[in-house]
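Encoded as structure tokens, the structure appears first; notes follow it.
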Amino acid sequence: MNISDTIKDALEKKGLRSLKDASEVLGISSELLRVILNKGHLPKDKTLGIIAKKLGISAPLLILSAHQEKVPAEVKGFFLAPSSSSNAVNGQRKFPLSHEQCEYLERILTPMEIQLIRKLRQVSDETKTQVFGYVDFMFATKRVYNNKGNGS
């Protein structure tokens with residue numbers, strides 16, 4: 001969904017059907033709103049933030065979506081798409097990563113690294129602290145051992 005569709009949906013949910021009424025509520029000119037909705041104009045981040053706040057939608061989601069629209073098609077696949085909170089339960093997303101985000105991670109991480117991250121996300125904060133401490137210890141030990149082996 002592009003920016004104009006997102007804004008149109010939010011305006012419709014608020015019952016704002018005319019450009020004049022909508023622009024008054026949003027605090028922007030009706031001409032600016034018209035070019036955003038009908039011409040695909042991408043306003044400044046500050047304006048998007050104001051629009052999002054007035055419409056009760058996620059400002060980061062709206063701004064990230066706008067930036068993703070600006071990116072050339074040949075590099076769009078390298079950027080994570082923002083996920084809407086519509087698939088959230090009690091303020092947390094049911095599926096922490098979108099399908100597109102998983103595909104992105106598969107390009108930069110090995111399957112073993114992805115599995116490790118998935119498992120790490122399932123443990124308590126106390127356990128994470130222990131795991132990070134162990135990993136830090138192992139790296140420090142390996143550095144000391146390698147330095148002694150090199151005659152240092």
Side-chain angles (χ1 to χ4, degrees), residues 1-140:
M1 179 179 281
N2 62 27
I3 297 302
S4 62
D5 290 339
T6 302
I7 295 172
K8 283 177 187 176
D9 287 349
L11 287 170
E12 207 171 286
K13 287 178 185 172
K14 293 268 186 191
L16 299 168
R17 298 206 185 336
S18 77
L19 279 176
K20 184 180 180 204
D21 293 342
S23 65
E24 286 176 10
V25 168
L26 297 176
I28 61 174
S29 72
S30 57
E31 180 59 21
L32 176 59
L33 184 58
R34 184 187 69 75
V35 295
I36 292 170
L37 297 179
N38 300 328
K39 303 279 185 183
H41 172 72
L42 299 175
K44 294 180 180 178
D45 292 354
K46 182 177 178 181
T47 305
L48 287 170
I50 292 168
I51 291 170
K53 183 178 180 183
K54 300 277 179 139
L55 293 177
I57 56 180
S58 169
L61 176 66
L62 192 62
I63 292 168
L64 286 171
S65 295
H67 284 278
Q68 190 174 32
E69 282 186 36
K70 293 178 187 179
V71 174
E74 54 272 2
V75 294
K76 277 191 182 195
F78 293 106
F79 292 89
L80 297 177
S83 297
S84 69
S85 56
S86 62
N87 62 353
V89 174
N90 297 329
Q92 293 188 345
R93 295 188 327 210
K94 291 183 280 188
F95 306 105
L97 298 175
S98 70
H99 180 69
E100 184 181 54
Q101 290 168 331
C102 289
E103 288 176 354
Y104 171 78
L105 290 175
E106 287 172 352
R107 287 195 297 268
I108 63 170
L109 299 172
T110 67
M112 187 179 286
E113 290 169 327
I114 293 172
Q115 190 63 29
L116 180 63
I117 291 169
R118 285 182 178 148
K119 289 187 182 297
L120 186 62
R121 291 179 62 134
Q122 296 172 9
V123 299
S124 67
D125 289 339
E126 182 181 332
T127 304
K128 286 177 188 173
T129 302
Q130 293 172 352
V131 169
F132 293 138
Y134 177 75
V135 170
D136 287 342
F137 171 76
M138 293 306 292
F139 277 114

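Quick note: numbers below take in every heavy atom, side chains included, and nothing from hydrogens, waters or symmetry partners.
Residues L16 and L26 fail the side-chain proximity criterion, which asks for heavy atoms closer than 4.5 Å. T6 places none of its side-chain heavy atoms less than 4.5 Å from the side chain of D9. Counting heavy atoms from C-beta on, the side chains of K128 and V131 never come closer than 4.5 Å.
Remark: the backbone N or O of V123 is not paired with any side-chain donor or acceptor of T127 at under 3.5 angstrom. Side chain of E69 to backbone of I3: a donor-acceptor contact under 3.5 angstrom is found.
Sequence neighbours left out, not one pair with a member in residues 14-29 passes salt bridge (charged side-chain N to carboxylate O under 4.0 Å, His left out).
The distance from atom OG of S4 to atom CZ of R34, rounded to the nearest 0.5 Å, is 13.0 Å. Separation of atoms CG (L11) and NZ (K13) is listed at 11.0 Å; rounding is to 0.5 Å.
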Return all side-chain donor-acceptor pairs below 3.5 angstrom for residues 35-57, not counting sequence neighbours, or 'none' if the list is empty.
| from | atom 1 | to | atom 2 | distance (Å) |
| --- | --- | --- | --- | --- |
| D45 | OD1 | H67 | NE2 | 3.0 |
| D45 | OD2 | H67 | NE2 | 3.1 |

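Listed by chain and number, the residues in a salt bridge (charged side-chain N to carboxylate O under 4.0 Å, His left out) with E126 amount to none (sequence neighbours excluded).
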Walk me through whether T129 and Y134 qualify under side chain to side chain contact (heavy atoms under 4.5 Å, CB included).
CA-CA 9 Å; T129 302; Y134 177 75; over 6 Å; no
